[in-house]
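First the structure, in the form of structure tokens, and then the observations on it.
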Amino acid sequence: LLSCSCLPDLREDDDPPCTAENKQIIERQCNVLKSDKFKVCHNLVNPDDFIDICIYDMCRYDGMKSALCDIVQVYVDTCKNHGITIKWRNSTFCPLPCPPRSHYKDCVSACPSTCSDIFASSLCEKTEECTEGCECDDNYVLSNGNCVPLSSCGCRDDDNNYYSVSSLGSKSLTS
């Protein structure tokens with residue numbers, strides 16, 4: 001007869017490396033997950049474990065705000081997996097940094113307009129799924145990951161080949 005048993009876990013609990021003063025401040029920040037903004041999800045996803053992880057990580061990384069934002073993002077994503085969408089970012093709380101000539105939106109198209117496909121976002125399959133992110137400002141479109149003025153985009157020929165503005169100077173498009 002073979003008998004297996006687990007050994008008891010004799011390791012000490014790993015308390016977060018925080019001063020008492022820091023821990024109070026950090027706990028207050030992490031407890032944002034108990035605020036009304038997130039209440040709609042509390043019955044499905046208990047925020048307590050996320051708050052504990054937040055406190056530990058923020059203590060470990062000396063109050064680094066990105067640790068707080070990362071945990072809140074994971075909580076929001078978990079809520080989304082349960083069918084609950086929470087709009088939580090703003091210009092002062094965990095703003096998403098956007099490149100020049102773009103701005104944050106809580107729901108952006110999965111297929112944004114680009115120089116090579118100006119109508120991509122309007123022709124994109126409309127789905128319920130969207131994600132937060134950065135969107136080019138009006139009259140700007142994506143080109144190689146940057147938002148550029150629509151006027152600086154190239155053109156397509158009759159065979160649907162795309163030519164950037166920089167390549168147009170060296171090519172003759174007339175036949």
Side-chain angles (χ1 to χ4, degrees), residues 2-114 120-121 124-148:
L2 182 62
S3 172
C4 294
S5 63
C6 294
L7 296 174
D9 185 355
L10 300 176
R11 296 173 295 180
E12 288 184 38
D13 283 342
D14 196 5
D15 285 328
C18 247
T19 64
E21 183 184 331
N22 274 1
K23 190 168 182 185
Q24 268 189 328
I25 295 166
I26 287 170
E27 282 176 348
R28 206 166 33 251
Q29 291 174 326
C30 292
N31 276 325
V32 70
L33 287 174
K34 289 187 177 178
S35 70
D36 288 346
K37 187 178 285 281
F38 302 95
K39 193 179 240 172
V40 66
C41 190
H42 289 171
N43 289 339
L44 292 171
V45 181
N46 185 334
D48 291 341
D49 289 339
F50 293 86
I51 291 168
D52 290 344
I53 294 166
C54 175
I55 292 167
Y56 183 88
D57 285 356
M58 283 191 74
C59 283
R60 167 75 69 210
Y61 299 108
D62 201 26
M64 195 165 64
K65 285 280 192 286
S66 62
L68 169 66
C69 297
D70 289 347
I71 288 295
V72 173
Q73 181 67 62
V74 171
Y75 183 79
V76 167
D77 289 344
T78 305
C79 292
K80 192 172 188 171
N81 290 340
H82 285 83
I84 294 174
T85 300
I86 299 172
K87 296 178 182 182
W88 63 283
R89 290 186 194 269
N90 61 41
S91 59
T92 57
F93 185 71
C94 299
L96 198 64
C98 289
R101 298 174 297 281
S102 69
H103 56 277
Y104 169 79
K105 280 186 77 175
D106 52 28
C107 183
V108 295
S109 171
C111 27
S113 296
T114 64
S121 61
C124 184
E125 261 186 57
K126 300 290 183 223
T127 62
E128 296 297 311
E129 292 297 313
C130 67
T131 184
E132 66 176 352
C134 299
E135 180 176 86
C136 289
D137 295 340
D138 287 344
N139 297 315
Y140 286 84
V141 294
L142 275 178
S143 179
N144 295 323
N146 298 310
C147 293
V148 299

Any carboxylate oxygen within less than 4.0 angstrom of a Lys/Arg side-chain nitrogen, looking at Asp36 and Lys39?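 Salt bridge present between Asp36 and Lys39.
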How about CG on Asn144, more than 12 heavy atoms from neighbouring residues, nucleotides or ligands closer than 6.0 Å, or not? no
CG/Asn90: more than 12 non-hydrogen atoms of other groups inside 6.0 Å: yes
Show which side-chain atoms of residues 93-104 pair as donor or acceptor with protein atoms under 3.5 Å away, not counting sequence neighbours.
{"residue": "Arg101", "atom": "NE", "partner": "Cys147", "partner atom": "O", "Å": "2.9"}
{"residue": "Arg101", "atom": "NH2", "partner": "Cys147", "partner atom": "O", "Å": "3.3"}
{"residue": "Ser102", "atom": "OG", "partner": "Pro99", "partner atom": "O", "Å": "2.6"}
{"residue": "His103", "atom": "ND1", "partner": "Glu135", "partner atom": "O", "Å": "3.3"}
{"residue": "His103", "atom": "ND1", "partner": "Asp137", "partner atom": "OD1", "Å": "2.7"}
{"residue": "Tyr104", "atom": "OH", "partner": "Glu132", "partner atom": "OE1", "Å": "2.7"}

For [X], enumerate each residue passing the side chain to side chain contact (heavy atoms under 4.5 Å, CB included) test, keeping only those at least two apart in sequence or located in another chain.
| X | value |
| --- | --- |
| Ser35 | Val32, Lys37, Phe38 |
| Leu44 | His82, Ile84 |
| Lys34 | Asn31, Pro47, Asp48, Ile51 |

Qualifying residues under side-chain hydrogen bond (donor to acceptor under 3.5 Å, both in side chains), relative to Asp77, sequence neighbours excluded: Gln73
How long is the gap from [atom1] on [X] to [atom2] on [Y], to the nearest 0.5 Å?
| X | Y | atom1 | atom2 | answer |
| --- | --- | --- | --- | --- |
| Tyr56 | Cys30 | OH | SG | 13.5 Å |
| Lys105 | Lys87 | NZ | NZ | 9.5 Å |
| Glu27 | Gln29 | CD | CD | 11.0 Å |
| Met58 | Cys18 | CE | SG | 8.5 Å |
| Ile86 | Cys41 | CD1 | SG | 5.0 Å |
| Ile71 | Ile55 | CD1 | CD1 | 10.5 Å |

Return the set of residues passing ring-ring contact (aromatic ring centres under 6.0 Å, His included) with Phe50 (not counting sequence neighbours), or none when no residue passes. Tyr75
Do the side chains of Asp62 and Asn22 get nearer than 4.5 Å, heavy atoms only? yes
Side chain proximity check, Cys54 to Leu33, heavy atoms < 4.5 angstrom: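 No. Closest side-chain heavy atoms not under 4.5 Å.
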Where do Ser113 and Val141 come nearest, in terms of heavy atoms and distance? O-CB, 3.7 Å
Check Gly133 against Val108 and note the closest heavy-atom contact, atom names and distance. O-CG1, 3.7 Å
